[in-house]
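Each chain gets a letter, A, B and so on, in the order its sequence line appears, and its residues count up from 1.
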Number of protein chains: 2
Amino acid sequence: MNVFRQSEKRVDGLSEKQLTSYRAWLQYQPILNQDYISDIKAQFSKISVADENEIISSCITELSVALKEMVGFTPVVDYQHTHKVGLHLTINKALPEEAYQLNESQKVLRLSGGSSRALLYGTFHLLRLIQRQAQLSDLNITEQPKNPVRMINHWDDMDGSVERGYAGRSFFYEDYQFIQDRQRIQDYARLLSSVGINALTINNVNVHQKETELITDTYLKEVSQTSDIFNQYGITMYLSINYAAPIEIGGLNTADPLDEGVKRFWQDTVANVYQAVPRLGGFLVKADSENRPGPFTYGRNHAEGANMLAEAIKPFGGKVIWRCFVYDCKQDWRDRKTDRARAAYDHFMPLDGQFADNVILQIKNGPMDFQVREPVSPLIGGLAKTNQFLEFQIAQEYLGQQRHLVYLIPQWKEVLEFDTYAKGEGTKVKDVVSGEVFNNKVAGIVAVSNVGRDYNWTGHTFAQLNLYGYGRLIWNPDLTAEEIALEWIEQTFGLNKSVVDAIGAMVMPSWQAYENYTSPLGIGWMVNVNHHYGPNIDGYEYMAWGTYHFADRDGLGVDRTIKSGTGYIGQYHEANSKYYEELESCPDELLLFFHHVPYTYQLKSGKTVIQHIYDTHFKGVEQVEAMIKIWNEVSEHIDEQRHHDVKARLEHQLWSAKEWRDIINTYFYRKSGIADQHNRTIY
Amino acid sequence: MNVFRQSEKRVDGLSEKQLTSYRAWLQYQPILNQDYISDIKAQFSKISVADENEIISSCITELSVALKEMVGFTPVVDYQHTHKVGLHLTINKALPEEAYQLNESQKVLRLSGGSSRALLYGTFHLLRLIQRQAQLSDLNITEQPKNPVRMINHWDDMDGSVERGYAGRSFFYEDYQFIQDRQRIQDYARLLSSVGINALTINNVNVHQKETELITDTYLKEVSQTSDIFNQYGITMYLSINYAAPIEIGGLNTADPLDEGVKRFWQDTVANVYQAVPRLGGFLVKADSENRPGPFTYGRNHAEGANMLAEAIKPFGGKVIWRCFVYDCKQDWRDRKTDRARAAYDHFMPLDGQFADNVILQIKNGPMDFQVREPVSPLIGGLAKTNQFLEFQIAQEYLGQQRHLVYLIPQWKEVLEFDTYAKGEGTKVKDVVSGEVFNNKVAGIVAVSNVGRDYNWTGHTFAQLNLYGYGRLIWNPDLTAEEIALEWIEQTFGLNKSVVDAIGAMVMPSWQAYENYTSPLGIGWMVNVNHHYGPNIDGYEYMAWGTYHFADRDGLGVDRTIKSGTGYIGQYHEANSKYYEELESCPDELLLFFHHVPYTYQLKSGKTVIQHIYDTHFKGVEQVEAMIKIWNEVSEHIDEQRHHDVKARLEHQLWSAKEWRDIINTYFYRKSGIADQHNRTIY
């Protein structure tokens, strides 16, 4: 019954060495501790289950495969639920739907959940404990996810490419067809479910011509088959749609949301979609953004645009997720009054309360676009009467594109712990987006995927940690970045303490290191245009994208103050707007996001801005050198393939970090004329 | 017998309006002056020809079609050569091969030429005169081209794209096949021959996988058919080859020029090629350049590399043209000692005298790469014992990509009139590259084509002038830019004086205008990476391409002096090196190419560098505005299609020129902190 392992071998013809990468954190490596094996064998001698369904079947399969691999035996499964020992799986309707409890006493393990899905989460919890060789005796755990919706967005196109994808091509599509071998998708569903993901979209928010047809009979059969695979792991699938579909596939000459023909088109289309894919979660829409069509074309606002779709999909229990990434991408760089950072708030705050209750606004964590450092979007904590999702990006578009080791959880934790002051002090982002603060009907967190057809899923082996950590963090935002990293390291690389400590020491400072050698003090960008990789200080400075640093010979930064700047700061609640407005309180790390200051301005750290730039850039490179040293020291304890893969990327990262260091330092030295206090080499 | 006009209509399904653009300078518009028509009818009543061959047949066809169009009659052709009146075509072996004489007396027109090819040039000369309604009575003209080889290089790829092509796709290839309808090619041959072009290559110097097979039986039949079309117009065809062909198509594991197997491969290949295409001119080779393979891979020098090919092709009378565009394209931007400008000279001067006599070195006009302003390559006038071609670029890669109106002849004339001092004062480039100074066995000029499948051939209608002018200029470098423009305008747009004056006033200052609003004082570059269009001051500043401006808060420019710089200036003969080395003599327009100076440095014009930058950038935009004004004023005298095409491009040019102006001015204002003396708007 070892289907998982056998099937793995089939996937894309991977070699045994590559399979170790492919297994990610579900390694299920054989355990060598005989005492521990004996305990597990006793605790799992039998598995009793109360119900039978596809999700519970996934629990059983995962347990069977994992135990066979780790401790070398396959438990007996008892669907009559008569055994007195072993593992008992039961559904307990008194529990919240996604909650589960794990108890052990006298070799009887009880896993009860509010639903089959909850049992699956509990199953993976158990396997996580076993992989880490935790003692299960006297176990007493209750778990419930903080966020109701925990979602992944794929930016996969049907030609097989992945927009902002850094881990190979799509494993959903190639050449405008669904890929027939679906083993990859199933293993992906296992990975997602193991960290509590319960929703995903499978196509890019930029919906091109062929992808528009995903909601037609051309593709619905395979959409349905794909949905079935995810449902088996408790994951609800959504589709990204093209707002202009009424024109492009409906033969209409308008997509005006108030047009009767358009409404009818969507009603008919939705009915047809749900007939084929009854468990579809709904639609994700990027409208009126970066040249995508939307309601603006017809003089309608976003509420009118979204509500029309929401009404069509409501009879089927569907949701409409509407992205707030709306700004003028054809701005004149000469115009210093227009501020892209303001755009989402300016567009959507006036509509608060006007959206239907099955519409959710999807809001990027910052007001710009997934930079290494941004303030939190003021829409979060601003919108009080509208369902909302917080959007992160696991794909490292601006953070080294999965060639650089950057552990993202520390960044996301800062976002989640940010105090919006929406209802006074203590109104943290994590409590707003979970729906608790405003009692939203739908709430949660979504993130852009970082996986592709590479044999290790994520290009950089360590980028697996960001996918793992995303799931764990949004399940429980109170987990620390260290705890999450430790979980992942032990499951992925085993329990050897020197390895665990080494990898911990590599990942923990990695976000800070990346920030150190890239754009300073919250200013962001300074990357090459279009592909967003590598330094180009003026890359976006004279373009239409609204992303400027305004560096001159005297200083740099964007004045977003209320007093003299774009007024963006005024979008925050008062406590925050005061905090950012005043130079005295504005935190160093966001200084240049909010203020234009001289190079000689003294930071709270005591350094001048220019010396801070030099120091952090030299330090960032040293941090990468330190990572490489650590990694080389543990080579003997890590399988050759993964060690080599990571090493090659680290060496590239070092080269790239030096480019960043030298270009940034040279640029600002040439501009400021101020020498480094330590006389290090600047070109 | 009006095949030309009928066939034109077939080409790519062009409309009648588009045909006017397509005809370029061979308009052959009906003449309305009845006296002139009577004269022409008398002078061309009969055409007597002494010989019959394909080229003379092209003369007759062209005359017949043109006269029918212009004056409405078709002359009688007498191959027995018995008529006493009309036009007499005779070959006169006493004349140099490409020379011709035109005489008229008492209604007898005599065109005698050293070859059929010369007669064709004389024929087009006659038609040029008739289009301009010149009097033919008492005509007494002797013409001989200055340059023996007058060549065009195509950078067409067989997938149908054109590298650095700005006028649509290739009309030679599509989807790795030759295009079957060859009317385009024949009309192109007519255009080329009408301005004296006698050689061309039909594929990109970057020879990719499929193009490598052009010298195999896969394509040789069609190569031969294409060659036949050009031969009919006196044009010898060459092929660009891949130096790694012995590996890629020969099945060898080396392309080492001293390897016996490699030599045998090339001997066999050449024999096979010449069997299929006996009139092939030879090969063009880009080796060891921008990641192309070459002899360096095997520790051989370029003479060894080229001579091996030359030996193989010599029995067939073939030539090997070897590009000198060799430099390190992976330079570290931090390394200020390495100077790309030095590369061609450093590579090839030590080999002077070592190349076989059927090898020709092809040298770009400047040491960098077709910038708006460069000094002349010191290799020209340096090499004393090696055949050489001067290379221009008609395609406006760095000069507005045929969306900007830029008349290139004034630039090329400066190059040709440049005194190299190779044999003391007065050793001008035009006399070196013609072969006269060093008595080269082969000599001439070559240029990268600017044509494509657009209905007007060149994207911008006015870019036709650069193709026309190129041919005319290299035939006779003593023609002025004004004379050439006038010829082209009258043939292309007719004799209306207001139109002729207007277009003259647009084209003559256009190169200067482009220089004004783009990179200043000879520094070059400052364009977007890869596609080379539009301003990006730091675009190449921190890259590996060896193209830097080194602007800091105090000044800019590249120190290429002997005294303190890269020593590039030392590659010139003494008179020139002294001239460039000393700030007192170095000309303003090349100042920043040779020297790094402060923004406050005073030019010979009396302005500071920074004020010069501001002034020229404001002026450049005003010059474009003036062009638009002129063009709008003559709209009623120009056909709608061409007027609209040009107008749309001029409007784009104005937008683009403003981007250049504002970005350059803003960049240098932010860096220098020095205000414009006239307080104009800088952002």
- [ ] Determine whether B/D662 and A/Y542 make a side-chain contact, defined as any pair of heavy atoms from C-beta on separated by less than 4.5 Å.
- [x] no

Open item on the list: Tell me whether the count of non-hydrogen atoms from other residues, nucleotides or ligands lying under 6.0 Å of CD in A/Q209 goes above 12.
Closed with: no

TODO: Tell me, for B/E659 versus chain A, whether the close heavy atoms (under 4.5 Å) come from the side chain, the backbone, both or neither.
DONE: both

TODO: Could you have a look at A/N536, A/V529, A/N528, A/I663 and say which one has the most heavy-atom pairs with chain B under 4.5 angstrom?
DONE: A/I663

Task: B/D538 side, atom CG; A/Y667 side, atom OH - distance, nearest 0.5 Å - done: 6.5 Å

Open item on the list: With rounding to the nearest 0.5 angstrom, report the CZ to CZ distance, B/R553 to A/F668.
Closed with: 13.0 Å

Task: Those residues of residues 672-683 of chain B, ordered by number, that approach chain A below 4.5 Å (heavy atom to heavy atom) - done: B/S672, B/G673, B/Y683

Open item on the list: If we define contacts as heavy-atom pairs under 4.5 Å, which of B/R670, B/M543, B/E541 has the most with chain A?
Closed with: B/R670

